[in-house]
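For ligands, and for the atoms within them, numbers begin at 1 and follow the listed sequence.
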Amino acid sequence: MRVSRYFMPVLKEDPAEAEIVSHRLMLRTGMIQQAAAGIYNWLPLGFRVLRKVERICREEMERAGAIEILMPTIQPASWWKESGRYEAYGKEMLRIRDRHDREMLYGPTNEENVVDIFRRHVKSYRQLPLNLFHIQWKFRDEIRPRFGVMRGREFLMKDAYSFDYDYEGARRSYETMFVAYLRTFRRMGLVAIPMLAESGPIGGSMSHEFQILAATGESVVYYDAAFEELDLTGEEVDVARLTSLYAAVEERHDPARCPVPPERLKKARGIEVGHIFYFGTKYSAPMGATVMGPDGREVPVEMGSYGIGVSRLVGAIIEAHHDEKGIVWPESVAPFRVALIGLRLDDADCRRMAEELYERMCAAGLEVLYDDTDERPGAKFATMELIGIPWQVVVGPRGARQGTVELRRRRTGESAELSPESVLARLTA
Ligand code: ATP
Ligand code: MG
């Protein structure tokens, strides 16, 4: 992508309305633009990151055996009356009437919806276990939308729903998601701490909140240092050990009863990015989602639900990965992998080399953002630092004559003078 042809409305000044760093940087780099309180446009740079976060969520869900569907954003109120949540949900729910005066709502979550799919098609324990997920926009009329995409009213969520015949199965499904969540956040360059949580309005009897560590997080968490070194690579992960590791939010942490020795106990700030629930038959019983067991008896199906705040994660990743110059994207979610900077494009050698390198990078399938404008070098550098692309390749007039370019790492500032061939080889390795 050429900067001269791209749509990247970078702001010159810090926006006054942003209270936290991710919100400030997302507005400043032109990733998002507010449409109304808690509702955002995703501009090209932001949308690329959102898609990458979404893709990692999808891949880890599929790896864990969940199957993707797409449920609508608008739901009939009747399902929620069946489950008993229509009245209970309160003002966070955006209620709508259509032209026939039928009660509808913009979904804040999809338990009822997925139960309706299930009850029409699944009748036997032999069809289980089943886990259906989707990645879809939600609306919650939050009393205080703030911090940009971190607490929006319209936000993108990955939500999965598991169905099992009995408690044992449901517990296995829960544990599978538990591990999938740790893997998902790890792939985004985040350390996630699962906390035993009180179940909110979704209700239930077992629940973990996943907090990622970031200095600017809203809550203070205590956790076993072992979380930072988890081995999640193999197929067989020791779930019993994982779920037994100590972690607690400050309000619940009791130093006198904490089982972790002081040298292994860590304190940090966290941001909730995911929440998993086991809630048994809370929805299946009132909505009549039953399955026939091996003994020929019909029982309500055992369920769990598993949410990840996909759009919140974009902000949360920035909270965990930035410095005084701007964002420092982890490679897996960076909007582009390489920033190619042509320093002086009025110099014929410099332009030739930059253009040629750009063509070769594109041909090699690298995601490259090429600054081909006639901005001052200082301004070009500042913008690339701000938007935080992991690798910078700088082509200057002197290097162009010697046949070298500079390869720089955004995170560390390390740099090396290399031939264009070695740069290509390194970046495509
Ligand atoms: P919170 O405690 O932050 O209000 P919640 O418990 O209401 O969240 P869940 O219903 O568990 O949230 O939703 C699953 C995930 O969706 C959350 O872990 C969070 O990452 C994300 N999420 C929830 N509310 C919002 C919001 N208003 N804006 C952005 N993401 C959100
Ligand atoms: Mg929560």
**Prompt:** Can E112 and K81 be counted as an ion pair, charged N to O under 4.0 angstrom?
**Reply:** no
**Request:** Would you mind finding which of G148, P108, G152, A316 brings a heavy atom closest to atom 28 (N) of ligand 1?
**Result:** G152
**Item:** E218/R269 salt bridge by N-O under 4.0 Å criterion
**Value:** no
**Asked** Is E228 paired with K266 through a side-chain N to carboxylate O contact shorter than 4.0 Å?
**Response** yes
**Per-atom contacts of ligand 1 with V149, taking only distances under 4.0 Å to non-hydrogen atoms** = 29 (C)
**Prompt:** Cationic tip of R408 within the cone over F381's six-membered ring, i.e. under 6.0 Å and within 45° of the normal?
**Reply:** yes
**Prompt:** Against heavy atoms of E142, which atoms of ligand 1 measure under 4.0 Å?
**Reply:** 24 (N), 26 (C), 27 (N)
**Complete:** For V273, the ligand 1 atoms with a heavy-atom partner under 4.0 Å come out as 18 (O), 20 (O)
**Item:** Options H275, M157, E209, ranked by nearest heavy atom to atom 13 (O) of ligand 1, top entry
**Value:** M157
**Prompt:** Using the ring of each side chain (for Trp, its six-membered ring), is F210 parallel, tilted or perpendicular to F185, with breaks at 30° and 60°?
**Reply:** tilted
**Fill in**
Min over E272, R140, R312 of heavy-atom distance to atom 25 (C) of ligand 1 lands on R312
**Prompt:** Any ion pair linking R151 and E142 (charged N to carboxylate O, less than 4.0 Å)?
**Reply:** yes
**Fill in**
Within 4.0 Å of some non-hydrogen atom of G274, the atoms of ligand 1 are 18 (O)
